[in-house]
Amino acid sequence: MGSAAAEVLSERGSSNKLVGIRFLEYLKGSSVSFKTHQAIVLIVTFLAYASYHATRKTTSIVKSVLDPQSSSNLGFNFFPSTRNTHSTLSSNIGDGWAPFNGSDGTLLLGQLDVAFLAVYAVGMYFSGHFGDRCNLRIFLTIGMVGTGVFTSLFGLGFWGNIHNFNYYLLVQMIAGLFQSTGWPSVVAVLGNWFGKRKRGLIMGIWNAHTSVGNIAGSLIASAMLGYGWGWSFLLPGLIMSFLGFVVFLILPVSPDLAEVEEDDYTCPKKSGDDDVTESLLRQEKEKAVGFLEAWKIPGVAPFAFCLFFAKLVAYTFLYWLPFYVSHTAIDGKYLSSETSGSLSTLFDVGGVLGGILAGHISDRLNARAITAASFMYCAIPALFFYRTYGHISLLVNGTLMFLTGMFVNGPYALITTAVSADLGTHKSLKGNSRALATVTAIIDGTGSIGAAIGPLLTGYISAKSWTAVFTMLMGSALIAGLFLTKLVVSEVATKIEESRSNRAPECSLDV
């Protein structure tokens with residue numbers, strides 16, 4: 001293998017291939033194939049965005065430690081018989097961390113959430129704009145390292161004995177800005193390497209990174225709480241920065257930049273839109289699509305506004321579920337912060353299944369809107385049952401939490417991945433592939449505004465009643481589904497027309 005490796009290195013010594021790719025070629029003694037490039041893209045982008053969510057999840061785990069007893073009535077208006085148990089809980093879970101352990105602690109934590117997500121949402125629009133105009137690998141690396149640094153800085157407040165709210169607010173806002181670089185970048189890179197065929201299933205499986213990241217973040221943060229809450233931020237931040245350097249070394253942005261030979265990715269011709277991405281994304285030096293022009297692409301606005309309400313629901317669970325569980329009696333008992341964080345991972349496990357199911361179903365039906373709307377409508381009874389019966393036992397709570405995660409995260413995953421990639425290569429663009437990051441940023445950026453509003457409203461509403469919070473979430477799920485009504489009607493009409501066309505030859509033969 002030594003001579004072969006030497007030949008490879010000599011042939012490609014002057015190429016612009018990435019260090020990581022060259023190292024793999026050295027180990028193999030031959031060029032890296034197109035399929036291997038695809039595998040690298042899937043794995044690296046999966047780990048990259050899982051790390052984004054792992055760092056994002058830590059705040060929700062640490063909340064109940066920073067603010068263990070500020071809301072003596074949180075979650076108890078619905079179960080009057082459990083009030084006495086809470087007095088025992090408050091005396092055991094610590095004094096919290098100033099300034100979050102005061103009477104307004106819950107509101108301050110809610111302000112941190114909305115500050116982070118507001119900057120994240122605004123930054124998303126700019127990230128999409130820059131993402132279509134610069135090297136996505138460099139852009140993603142900067143975002144990951146920056147996120148890791150500022151996540152760690154939040155945790156350093158523990159060792160620095162920092163009790164200034166403005167410090168944590170500023171750190172969260174800058175972290176949100178760096179976080180906004182992630183999603184447009186990874187979806188654009190993935191769209192460059194995978195066509196529309198089976199995109200829903202592939203991206204549904206790939207989108208498990210969201211839930212895997214949430215689960216990993218929950219488990220790491222929960223495990224580190226025993227050593228001090230600062231570790232719950234520092235360790236995920238360090239992991240994030242390390243993976244940022246991995247992205248820099250090995251992530252191929254597109255087949256052209258990866259210098260893949262033409263024969264490596266030539267495949268049988270497919271009719272229709274199936275091969276639109278493969279045939280068009282190899283074009284170089286295309287003019288990037290403008291922000292307003294991207295909004296006019298058919299389907300972008302309805303899915304963007306649907307995601308606004310879908311992410312409002314999903315992120316309320318992301319930021320408040322461990323807190324809600326720890327402040328709600330389950331079978332007459334209160335769980336510790338660590339146990340609540342671990343139990344909350346069932347929501348994300350359900351989300352993995354929901355994302356895969358939504359992607360597979362939408363591929364089989366060729367109906368993204370019907371699938372997304374159906375999941376959102378199913379989320380309404382799931383939310384109701386979780387709120388009403390989740391207190392009965394751990395088994396019931398975990399089962400209903402799993403189902404709720406499946407229906408809430410299914411459409412969220414579908415829209416932010418397959419739908420965004422579909423619309424970013426829409427036929428109305430006439431072959432211009434440089435809209436993937438912009439379209440992804442518009443859809444997810446709009447959704448992120450809802451993601452900011454949900455946790456903020458929860459911080460205020462939960463102080464009076466968690467039942468009101470769940471009413472808000474059910475209403476949001478309903479509105480999310482309704483925004484897709486026009487697209488659903490169009491897809492249903494298309495299905496009816498296709499059915500009639502398929503039956504027409506049989507009818508003529510009978511006559």
Side-chain angles (χ1 to χ4, degrees), residues 45 48-59 112-154 169-191 207 209-210 213-214 217 236-237 240-241 243-244 247-248 251 253 288 291 294-295 300 304 307-308 310-312 314-315 318-319 412-413 415-417 420-421 424 435-456:
T45 55
Y49 210 72
S51 66
Y52 272 101
H53 265 265
T55 57
R56 202 176 301 173
K57 181 68 175 178
T58 54
T59 305
L112 286 184
D113 292 343
V114 74
F116 173 89
L117 291 169
V119 174
Y120 174 80
V122 175
M124 185 77 72
Y125 293 119
F126 291 98
S127 294
H129 177 82
F130 289 121
D132 281 327
R133 291 164 174 80
C134 66
N135 188 310
L136 287 170
R137 179 176 59 87
I138 305 298
F139 190 58
L140 185 59
T141 299
I142 293 173
M144 293 181 69
V145 173
T147 299
V149 169
F150 280 90
T151 299
S152 300
L153 284 176
F154 194 103
L169 182 66
L170 180 62
V171 169
Q172 281 291 80
M173 291 174 68
I174 299 177
L177 182 63
F178 280 110
Q179 284 258 357
S180 68
T181 62
W183 193 242
S185 301
V186 295
V187 173
V189 171
L190 203 68
N207 195 66
H209 57 58
T210 299
N214 289 341
M240 178 81 168
S241 297
L243 289 175
V247 165
F248 177 79
L251 180 65
V253 171
F291 182 79
W295 267 106
V300 168
L307 190 63
F308 176 97
K311 287 193 75 169
L312 186 154
Y315 270 67
L318 174 68
Y319 280 97
Y412 164 31
I415 294 172
T416 55
T417 54
S420 295
L436 275 169
T438 300
V439 169
T440 300
I442 286 175
I443 292 176
D444 201 49
T446 304
S448 296
I449 297 175
I453 292 175
L456 175 66

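- Rounding to the nearest 0.5 angstrom, the gap separating the CG atom in Asn214 from the OG1 atom in Thr58 is 10.5 Å.
- The CZ atom of Phe116 lies 5.0 Å from the CZ atom of Arg56; values are rounded to the nearest 0.5 Å.
- Residues Asp444 and Leu307 form a side-chain contact, since some pair of their non-hydrogen atoms from C-beta on lies under 4.5 Å apart.
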| task | In sequence, state the C-alpha distance, the side-chain angles, and the governing distance for Ile449 and Lys311, and then conclude on side-chain contact (heavy atoms from CB on, under 4.5 Å). | result | CA-CA 8 Å; Ile449 297 175; Lys311 287 193 75 169; over 6 Å; no
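- Residue Val119 comes nearest to Gly176 through the heavy atom pair CG1-C, 4.2 Å, listed as atom of the first residue, atom of the second, then distance.
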| task | Given side-chain contact (heavy atoms from CB on, under 4.5 Å), test His209 with Val186 step by step and report yes or no. | result | CA-CA 11 Å; His209 57 58; Val186 295; 5.5 Å; no
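- Summarising the geometry of Met173 relative to Ala115, their closest heavy-atom pair is CG-CB, 3.8 Å, with the distance given to 0.1 Å.
- Remark: Ile443 CD1 to Met124 CE distance equals 11.0 Å, nearest 0.5 Å.
- Among all heavy-atom pairs drawn from Gly454 and Leu312, the shortest one is CA-CG, 3.6 Å.
- Across Ala54 and Pro236, no two heavy atoms sit closer than the pair O-CB, 4.5 Å.
- Looking at Asp113 and Tyr315, their side chains never come closer than 4.5 Å, going by heavy atoms from C-beta outward.
- With values rounded to the nearest 0.5 angstrom, Leu117 atom CG is found 9.0 Å from Gln172 atom CD.
- The CZ atom of Phe178 sits 12.5 Å away from atom OG1 of Thr55, with the distance rounded to the nearest 0.5 Å.
- When all heavy atoms are compared, the tightest approach of Asn135 to Val253 is OD1-CG2, 3.9 Å.
- Aromatic ring pairs are classed by plane angle as parallel below 30°, tilted from 30° to 60° and perpendicular above 60°; the pair Trp183 and Tyr49 is tilted.
- If you check the side chains of Tyr120 and Ser127, you find no donor sitting under 3.5 Å from an acceptor.
- Residue Val171 comes nearest to Phe154 through the heavy atom pair CG1-N, 3.8 Å, listed as atom of the first residue, atom of the second, then distance.
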| Met240 and Thr151: CA distance, side-chain angles, deciding distance, side-chain contact (heavy atoms from CB on, under 4.5 Å) verdict | CA-CA 9 Å; Met240 178 81 168; Thr151 299; over 6 Å; no
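- Note that CZ of Arg137 and CG of Leu251 are 8.0 Å apart. Values are rounded to the nearest 0.5 Å.
- Contact annotation: the side chain of Thr181 approaches that of Tyr52 to within less than 4.5 Å [non-hydrogen atoms, C-beta and beyond].
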